[in-house]
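Some notes on the structure that comes next.
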Amino acid sequence: MAAENSSSVTEFILSGLTDQQELQIPLFFLFLGFYMVTVVGNLGLIILIGLNSHLHIPMYFFLFNLSFIDFSFSAAIIPKMLMSFVSKKNIISYAGCMTQLFFFCFFVFSESFILSAMAYDRYVAICNPLVYTVTMSPQVCLLLLSGVYGMGVFGAVAHTGNILFLTFCADNVINHYMCDILPLLELSCNGSYINVLVVVIVVTIGIGVPIVAIFISYGFILSSILHISSTEGRSKAFGTCSSHIIAVSLFFGSGAFMYLKPPSILPLDQGKVSSLFYTIVVPMFNPLIYSLRNKDVKLALKRTLGRISFS
């Protein structure tokens, strides 16, 4: 990269989650377990949706892409993180660090906007069920998905481009288990308020716009549910949204806690722990949330397992 020439640092050292030696091996196996659950859960959901035709509807089209994003997100972060527990120096090249940052930002933004697309899908399903098929046509779904990944590219290019303009002079130890925006800003020797302002603006777009869209969607959904006369109808309508509400709360709650608070309130070491939620815990829990609380997914799993045992 051209920007590499402007920096005297050609590689970074990731300090990892903790420097306490007695915790390294237990943490390695703990996060290896998390990663295995994430991979099996998300790949399993992708395969289930692909193999079962009754799941080929907009709701599961977006869930399929959410699982793909979560699987890819964890693959970009956890393998390198695991190395910090078993190696004396977890070294990552400048180019490797910028690449990890790019994909990290891409998948974070994509997840934000796929969750807002799923909220819109639930709004149409509950508030306008008679025109659901027309409103959520394959063309509309593909358009929404292109917007999701388009915003992912925007976030990745904006953040990575911002960091590429920084110079790293002597210190090359990143106080994190991955190449994240705030630790890199702290490490640079020519970072200015403009760089911080870019981060704030881009993060506000990445978190703010989807949150507003989700709140508006759920405002209409809540209004529609309250107009349903039967308790059973209300319960069924709310049940179709509950998994999504849990996923949204976990992801945006941890993300906002990390990025939308001043460093004085949330020191970087505590930020590392906070970032564990949206980089590791959320991708692991999403498939569990959507499968354990979803009758269609349970039915698809039984049918698929039945076919395997029969064959």
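We find the CD1-CG distance between Ile92 and Leu101 to be 10.0 Å, quoted to the nearest 0.5 Å. Note that CD1 of Ile69 and CZ of Phe64 are 11.0 Å apart. Values are rounded to the nearest 0.5 Å. Atom CG in Leu250 sits 8.5 Å away from atom CZ in Phe277 (nearest 0.5 Å). Once rounded to the nearest 0.5 Å, the distance linking CZ of Phe104 with CE of Met178 reads 4.0 Å. Interatomic distance, Leu55 CG to Leu45 CG, rounded to the nearest 0.5 Å: 8.5 Å. Rounding to the nearest 0.5 angstrom, the gap separating the OG atom in Ser84 from the CG atom in Leu17 is 7.5 Å.
Taking both residues in full, the closest heavy atoms of Ile214 and Ala119 are given as CG1-CB, 3.8 Å, listed atom of the first, atom of the second, then distance. Considering every non-hydrogen atom in both Ser74 and Pro79, the closest pair reads O-CD, 3.5 Å. Nearest heavy-atom pair, Leu23 versus Pro26, reported as atom, atom and distance to 0.1 Å: O-CD, 3.4 Å. Closest non-hydrogen pair, Cys105 versus Ile181, comes out as SG-CD1, 4.0 Å. Across all their heavy atoms, Val9 and Cys169 have their closest contact at CG2-O, 3.9 Å. The heavy-atom pair separating Cys241 from Ile221 by the smallest distance is SG-CG2, 4.0 Å.
Remark: the backbone N or O of Leu185 is paired with a side-chain donor or acceptor of Ser188 at under 3.5 angstrom. Checked by atom type and distance alone, the side chain of His159 never pairs as donor or acceptor with a backbone atom of Val199 at under 3.5 Å. For Asn190 (side chain) and Leu166 (main-chain N/O), no donor-acceptor pair under 3.5 Å exists by modelled atom type. Remark: side-chain polar atoms of His244 are not paired, donor with acceptor, to backbone N or O of Arg122 under 3.5 angstrom.
Note: the hydrophobic cluster containing Val212 does not contain Leu222 (ILVMFWY, side chain heavy atoms under 4.5 Å, direct or indirect links). Under the 4.5 Å side-chain heavy-atom criterion for ILVMFWY residues, no single connected hydrophobic cluster contains both Leu143 and Leu63. Taking hydrophobic clusters as Ile, Leu, Val, Met, Phe, Trp and Tyr residues chained together by side-chain heavy-atom distances below 4.5 Å, Met83 does not share a cluster with Ile77. By the criterion of side-chain heavy atoms lying less than 4.5 angstrom apart, applied directly or through intervening Ile, Leu, Val, Met, Phe, Trp or Tyr residues, Ile246 is grouped together with Phe285 in one hydrophobic cluster.
Legend: residues meeting disulfide (SG to SG under 2.5 Å) with Cys179, ordered by chain and number and at least two apart, are Cys97. By the ring pair (Phe, Tyr, Trp, His ring centres under 6.0 Å) test, Phe220 pairs with Tyr123, sequence neighbours left out.
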Requested in this report: In sequence, state the C-alpha distance, the side-chain angles, and the governing distance for Val131 and Asn128, and then conclude on side chain to side chain contact (heavy atoms under 4.5 Å, CB included).
Outcome: CA-CA 6 Å; Val131 293; Asn128 300 295; 3.6 Å; yes

Requested in this report: Check the pair Asn52, Tyr60 against side chain to side chain contact (heavy atoms under 4.5 Å, CB included), reporting the backbone distance first and the verdict last.
Outcome: CA-CA 11 Å; Asn52 290 272; Tyr60 296 104; over 6 Å; no

**Report entry** Tyr120 and Thr135: CA distance, side-chain angles, deciding distance, side chain to side chain contact (heavy atoms under 4.5 Å, CB included) verdict
**Finding:** CA-CA 11 Å; Tyr120 176 71; Thr135 307; 3.7 Å; yes

Report task. Go through the steps to decide whether Leu144 and Phe113 satisfy the test side chain to side chain contact (heavy atoms under 4.5 Å, CB included), and finish with yes or no. Result -> CA-CA 9 Å; Leu144 286 170; Phe113 283 90; over 6 Å; no

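At a threshold of 4.5 Å between non-hydrogen side-chain atoms, the residues Ile211 and Val248 do not count as touching. Contact of the Gln24 side chain with the Val86 side chain is not registered, since no non-hydrogen atoms from C-beta on lie closer than 4.5 Å. Using a 4.5 Å heavy-atom cutoff, the side chains of Asp121 and Met136 are in contact. Considering only heavy atoms from C-beta on, Met151 comes within 4.5 Å of Ile205 through its side chain. Using a 4.5 Å heavy-atom cutoff, the side chains of Ser112 and Phe252 are in contact. Annotation: side chain of Gln100 is in contact with side chain of Lys80 (closest heavy-atom distance under 4.5 Å). Side-chain contact between Phe61 and Leu142 is present, with heavy atoms from C-beta onward closer than 4.5 Å. Counting heavy atoms from C-beta outward, Phe103 and Val108 have side chains that stay 4.5 Å or more apart.
A perpendicular orientation is assigned to the rings of Phe68 and Phe107, their planes being inclined by more than 60° (bins at 30° and 60°).
Judged purely by distance below 3.5 Å, without hydrogens or angles, the side chains of Ser15 and Tyr177 never pair a donor atom with an acceptor atom. Looking at Asn65 and Tyr149, their side chains do bring a donor and an acceptor atom within 3.5 Å of each other.
Using a 4.5 Å cut-off between side-chain heavy atoms of Ile, Leu, Val, Met, Phe, Trp and Tyr, Leu51 falls into a hydrophobic cluster with Ile47. The hydrophobic cluster containing Ile91 also includes Ile13, Val173, under a criterion of side-chain heavy atoms closer than 4.5 Å among ILVMFWY residues, counted directly or through chains of members. Leu130 shares a hydrophobic cluster with no other residue; no ILVMFWY side chain has heavy atoms under 4.5 Å from its own.
Less than 6.0 angstrom separates the ring centroid of Phe168 from the ring centroid of Phe12.
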Between side-chain atoms of residues 31-43 and protein atoms elsewhere (two or more places apart, or another chain), which donor-acceptor pairs fall under 3.5 Å?
| from | atom 1 | to | atom 2 | distance (Å) |
| --- | --- | --- | --- | --- |
| Thr38 | OG1 | Phe34 | O | 2.8 |
| Asn42 | ND2 | Thr38 | O | 2.9 |
| Asn42 | ND2 | Pro283 | O | 3.0 |

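Other residues, nucleotides and ligands place no more than 12 heavy atoms under 6.0 Å from the NE2 atom of His227.
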